[in-house]
Amino acid sequence: MSQSWSTWPTPCHDLYSGSRFSGTQSNGMRSYIVTVSLKYVDMGVPELCGHFTICGLTSELPKLTTFFDAQVIGTGGHSFITNQWDASIDTDRTHWNFFAAFRPYRSRFDCRDFTYRLTPTDRYVFMRWKERFVVPNYKLSRINGASYEGFYYVCYDRDEGSITGYYFHKDSDHYQCLKLTHTRQTSFSHFELA
């Protein structure tokens with residue numbers, strides 16, 4: 001039986017359809033403005049996807065938007081071990097260790113008998129975000145100066161309403177850090193018909 005989480009926002013739960021986050025992505029030398037707009041969230045399944053927009057990364061596309069989907073760790077068979085996108089266990093260990101919230105799991109996350117299960121009351125939600133294609137031109141496969149072939153290790157802090165992430169791709173700058181905070185909305189575009 002799947003968990004039943006509401007897709008409606010609550011004061012400590014900013015992951016909902018229509019939610020927006022804004023902040024920066026930096027590699028230590030340069031910083032870029034980023035906005036993330038969640039298009040669909042259903043933590044009961046779990047499914048989470050949205051648009052990731054970064055400004056100034058390339059001259060070819062000064063405002064680059066990609067569609068991404070998420071693997072929510074501790075649900076749907078998703079563990080801290082990636083097993084895809086050229087990530088090794090050492091890659092996972094290095095990137096997850098950037099998050100203080102991961103410390104209780106770091107000595108055993110790669111053990112066969114370790115199982116992490118996310119609960120609706122957990123403060124931290126660990127995810128992997130995988131960019132899939134450019135919006136609106138989904139046929140565009142290469143962009144000079146940009147890569148979306150990798151993925152992000154992500155930690156959402158429900159108490160702070162913040163997202164921290166680290167991009168990984170074997171041929172990209174290492175340890176590109178994503179820092180986002182929830183953008184409070186004065187109007188709400190989500191409604192449900194029963």
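Here the structure is a predicted model, which is why all the values come from computation and not from measurement. For reference, positions follow the sequence shown, starting with 1.
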Given side chains that start at C-beta, do those of [X] and [Y] come closer than 4.5 Å, heavy atoms only?
X      : Y      : value
Asp122 : Tyr116 : yes
Val72  : Leu118 : yes
Lys63  : Thr53  : yes

field: Ion pair check, Glu160 and Arg123, cut-off under 4.0 Å
entry: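 Looking at Glu160 and Arg123, the cut-off is met.
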query: Salt bridge check: are Arg158 and Asp14 linked by an N-O gap of less than 4.0 Å?
result: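 No, Arg158 and Asp14 are not salt-bridged.
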Distance-minimising heavy-atom pair for [X] and [Y]:
X      : Y      : result
Gly150 : Lys130 : O-NZ, 3.0 Å
Ala101 : Cys155 : CB-SG, 4.2 Å
His51  : Thr65  : CB-CG2, 3.8 Å
Thr164 : Phe99  : O-CE2, 3.4 Å

query: How would you list, by chain and number, every residue that makes a side chain to side chain contact (heavy atoms under 4.5 Å, CB included) with Cys49, sequence neighbours excluded?
result: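 Here the qualifying residues are Tyr40, Phe67, Asp69.
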task: Using the side-chain contact (heavy atoms from CB on, under 4.5 Å) rule, take Phe114 and Tyr105 through it: C-alpha gap first, then chi angles, then the decisive distance, then the call.
output: CA-CA 9 Å; Phe114 175 72; Tyr105 316 111; 3.7 Å; yes
query: More than 12 non-hydrogen atoms from neighbouring residues, nucleotides or ligands closer than 6.0 Å to CZ on Arg30, yes or no?
result: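 No, the 6.0 Å shell around CZ holds no more than 12 heavy atoms from other groups.
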task: Verify the neighbour count for atom CD1 of Ile33: are there more than 12 heavy atoms of other residues, nucleotides or ligands below 6.0 Å?
output: no
Can a side-chain donor-acceptor contact be found between [Y] and [X] if the only test is distance below 3.5 angstrom?
X     : Y     : value
Thr91 : Thr94 : no
Asp92 : Thr82 : yes
Asn27 : Tyr32 : no

query: Would a distance-only check, ignoring hydrogens and angles, find a side-chain to backbone donor-acceptor pair under 3.5 Å from Lys39 to Ser17?
result: no
- prompt: If only atom types and distance count, is the side chain of Trp96 paired as donor or acceptor with the main-chain N or O of Phe80 below 3.5 Å?
  reply: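 Here the side-chain-to-backbone pair exists.
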- request: Kindly state whether the ring of Phe102 and the ring of Phe109 have centres lying under 6.0 angstrom apart.
  value: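 Yes - the distance between ring centres of Phe102 and Phe109 falls below the 6.0 Å cut-off.
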Once you round to the nearest 0.5 Å, how far does [atom1] of [X] lie from [atom2] of [Y]?
X      : Y      : atom1 : atom2 : answer
Tyr152 : Tyr166 : OH    : OH    : 12.5 Å
Glu149 : Glu131 : CD    : CD    : 10.5 Å
Thr24  : Gln176 : OG1   : CD    : 12.0 Å
His95  : Tyr167 : NE2   : OH    : 10.5 Å
Phe68  : Leu48  : CZ    : CG    : 5.5 Å
Leu180 : Phe52  : CG    : CZ    : 7.0 Å

